[in-house]
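Here the structure comes first, spelled out in structure tokens, and everything after it is commentary.
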Amino acid sequence: MGRVEIIRVRGGARLEGEVFVAGAKNSVLKLMAAALLAEGRTVIENVPRILDVTIMAELLRRLGCEVEWVEDELTIDVPAEPGTEADYDLVRRLRASICVLGPLLTRRGRVKVAYPGGDAIGSRGLDMHIDGLERMGAKVSSEHGFVIAEADRLHGASIWLDFPSVGATENLVSAAALADGTTVIDNAAREPEIVDICGMLIAMGAKISGAGESTVLIEGVPELKPVRHRTVGDRMVAGTWAVAATMTRGDVLVRGADPRNLEIALDKICTAGAQVSAEQDGFRVKMDHRPKAVDVVTLPYPGFPTDLMPMAIALAAVSDGPSMVTENVFDARFMFVNEMARLGADVRTDGHHAVVRGRDQLSGAPVTAHDIRAGAGLLLAGLCADGVTEVSDIRHIDRGYPAFVPQLQGLGADVQRVDVPDDELALEF
Ligand code: UD1
């Protein structure tokens with residue numbers, strides 16, 4: 001009989017104290033892929049202790065890199081000729097591994113990466129990645145579940161993205177960094193993680209202007225050199241703490257993340273009634289009454305992040321009044337609301353809209369985390385629920401939140417990881 005871990009939380013505590021936010025998952029994975037662009041030892045600092053980094057490190061090892069992870073520092077020693085194939089067994093566990101596509105193609109002239117599988121938050125195409133690489137002269141085909149891209153030498157191109165895709169922007173910027181000539185990406189993603197990867201590429205010797213703006217210009221250079229780079233703080237984790245403080249009427253100092261990267265989310269929390277102040281190396285959220293309902297619309301940066309949408313639903317579920325939450329980035333991201341409903345949340349969805357009628361009190365129940373952010377949203381709801389909430393499938397939460405449970409405990413929450421027999425769960429849920 002197998003055993004699994006769940007997170008058990010007893011609602012009711014007010015979160016108080018200080019938390020440190022490590023580097024952003026969505027940045028570090030791309031920084032690791034970008035290391036492939038230069039032979040030699042790249043060192044990445046402020047690396048979060050999460051499973052996705054372990055998987056990405058394994059992927060890089062299989063490409064011939066030596067990877068060493070000591071405390072929050074990751075050293076990647078890239079050979080002169082890294083491998084060119086990323087297998088399905090790793091790609092299916094980490095969709096972000098598709099970000100090796102651009103770096104390997106431009107460095108080696110050929111790359112074969114398994115198509116990532118489906119995701120619990122909706123379809124996630126690769127058309128913009130592929131179209132952009134084709135414009136830069138790559139021949140791209142698809143065979144037996146792999147994307148194969150080839151180009152002796154990529155050349156600069158004008159690329160217009162249909163949607164400011166984060167992944168496509170990162171792949172194309174990396175590919176263009178070593179291409180012949182100038183590439184212009186219009187309607188590029190502007191996320192702080194894009195600015196982070198461009199910052200590292202520039203330090204490596206790339207010529208990039210416009211990072212963080214809608215038009216990014218990259219002048220290809222023949223070679224890049226390895227560097228030491230510090231990962232930007234995780235704004236999704238920071239935003240999760242901000243919502244947690246608001247929901248529990250707490251007082252939390254969040255360190256390690258720049259509040260300017262979270263402006264709309266923090267503004268929503270202020271509208272809900274919390275006091276937010278910028279502090280050295282972070283920000284503080286204080287709340288002393290029931291939150292007021294606020295409407296939220298997710299959009300690419302600088303809009304409200306889709307990754308904080310489940311937190312917005314959790315907040316709305318305990319707020320005073322009805323909220324409308326609109327999801328514009330992923331097409332199936334509301335699937336987790338059925339789990340919220342198990343905690344008594346009153347949520348109705350229609351297409352990409354959700355109407356949430358805030359309840360005075362949620363009620364603890366067993367629930368399942370279907371993805372990283374949904375799992376965190378359920379935990380926040382559990383913090384405000386009456387009685388005990390047990391969250392299963394917590395491997396998803398572990399993918400994005402290093403030390404979530406000890407940090408919650410440090411803020412005064414009654415929460416534990418508990419080892420339970422697998423079949424007991426099957427009966428219970
Ligand atoms: C990244 C983040 C994810 C975040 C998302 C949006 C990582 C590891 N993940 O995901 O946490 O929620 O940005 O901020 O950084 N699309 C296409 N064709 C493409 C590319 C994308 O149709 O070629 C669509 C996707 O299906 C999705 C939307 O565009 O509906 C946004 O995707 P994208 O911005 O690319 O997100 P990811 O890079 O996958």
Side-chain angles (χ1 to χ4, degrees), residues 23-34 48 50-53 55-56 59 91 93-102 113 115-135 140 142 147 149 159-175 185 187-197 214 231-232 234-237 239-240 261-262 264-265 297-312 326-336 351-352 371-377 396-397 399-401:
K25 167 183 91 74
N26 287 352
S27 208
V28 75
L29 301 171
K30 323 306 174 61
L31 300 174
M32 292 170 74
I50 50 174
L51 183 63
D52 281 12
V53 172
I55 299 172
M56 190 68 184
L59 193 149
V91 177
R93 293 169 65 194
L94 181 62
R95 187 185 195 275
S97 48
I98 200 72
C99 62
V100 299
L101 193 63
V113 182
Y115 262 104
D119 219 294
I121 60 174
S123 62
R124 295 170 96 170
L126 288 182
D127 51 321
M128 287 182 265
H129 301 243
I130 292 171
D131 181 66
L133 293 174
E134 283 177 339
R135 279 170 196 268
V140 185
S142 152
V147 190
I159 299 166
W160 171 268
L161 298 180
D162 291 338
F163 181 92
S165 155
V166 173
T169 303
E170 289 160 342
N171 253 326
L172 297 175
V173 168
S174 305
I185 307 174
N187 200 24
R190 299 158 61 190
E191 270 69 1
E193 293 76 24
I194 303 274
V195 177
D196 198 28
I197 185 179
S214 292
T231 315
V232 68
D234 197 316
R235 65 196 165 99
M236 300 312 166
V237 174
T240 302
N261 291 340
L262 259 180
I264 290 202
V297 178
T298 71
L299 281 171
Y301 191 84
F304 190 95
T306 173
D307 286 353
L308 288 179
M309 184 274 288
M311 296 9 124
T326 304
E327 169 58 45
N328 286 319
V329 181
F330 288 106
D331 52 17
R333 206 159 197 181
F334 282 141
M335 287 193 294
F336 76 99
H352 62 133
D371 72 78
I372 307 176
R373 311 298 167 189
H396 291 296
I397 300 176
R399 286 187 45 212
Y401 293 84

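Side-chain atoms are counted along with the backbone in the values below, which use heavy atoms only and exclude waters and symmetry mates. All figures in this text were calculated on a predicted structure; none of them were measured in a lab. Both counts, for ligands and for their atoms, begin at 1 and track the order of listing.
Test Lys30, Lys25, Arg235 against Glu193 for side chain to side chain contact (heavy atoms under 4.5 Å, CB included) and you get one pass: Arg235.
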CA sep, side-chain torsions, deciding dist, call: Tyr115, Val147, side-chain contact (heavy atoms from CB on, under 4.5 Å): CA-CA 6 Å; Tyr115 262 104; Val147 190; 3.7 Å; yes
side-chain contact (heavy atoms from CB on, under 4.5 Å) between Ile194 and Glu170, intermediate numbers included: CA-CA 7 Å; Ile194 303 274; Glu170 289 160 342; 3.6 Å; yes
Candidate pair Asn26 and Asp307, rule side-chain contact (heavy atoms from CB on, under 4.5 Å), full reasoning: CA-CA 11 Å; Asn26 287 352; Asp307 286 353; 3.5 Å; yes
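Between Asp52 and Arg95, none of the side-chain N atoms (NZ, or NE/NH1/NH2) sits under 4.0 Å from a carboxylate O, so this pair counts as no salt bridge.
Atom CG of Leu29 is separated from atom CD1 of Ile50 by 6.0 Å, given to the nearest 0.5 angstrom. Here the CG atom belonging to Leu101 is positioned 8.0 Å from the NE2 atom belonging to His129, to the nearest 0.5 angstrom. Atom CD1 in Ile397 sits 10.0 Å away from atom CD1 in Ile372 (nearest 0.5 Å).
If you number the atoms of ligand 1 from 1 as listed, the ones under 4.0 Å from a heavy atom of Ala96 come out as 8 (C). Taking a cut-off of under 4.0 Å to the non-hydrogen atoms of Arg333, the atoms of ligand 1 that pass are 12 (O). Which parts of ligand 1 touch Arg95 is read off a 4.0 Å heavy-atom cut-off, strictly below it: atoms 39 (O). The Met128 neighbourhood of ligand 1 comprises atoms 16 (N), 17 (C), 18 (N), 19 (C), 20 (C), 21 (C), 23 (O), with distances under 4.0 Å to a heavy atom of that residue.
Contact annotation: for Glu170 versus ligand 1, there are no heavy atoms closer than 4.0 Å. Contacts between Thr306 and ligand 1 below 4.0 angstrom, taking non-hydrogen atoms only, involve the side chain exclusively.
Any N or O atom pair closer than 3.5 Å counts here, and Gly167 shares at least one such pair with ligand 1. In terms of polar-atom proximity, defined here as any N/O pair under 3.5 Å, Ala168 makes no such contact with ligand 1. Taking only nitrogen or oxygen atoms, main chain and side chain alike, Lys25 does not reach within less than 3.5 Å of ligand 1.
Among Thr169, Leu126, Asp127, Asp307, the residue whose heavy atom lies closest to atom 11 (O) of ligand 1 is Asp307. By heavy-atom distance, the residue among Val166, Val329, Leu94 lying nearest atom 13 (O) of ligand 1 is Val166.
Between Lys30 and ligand 1 there is a heavy-atom distance shorter than 4.0 Å.
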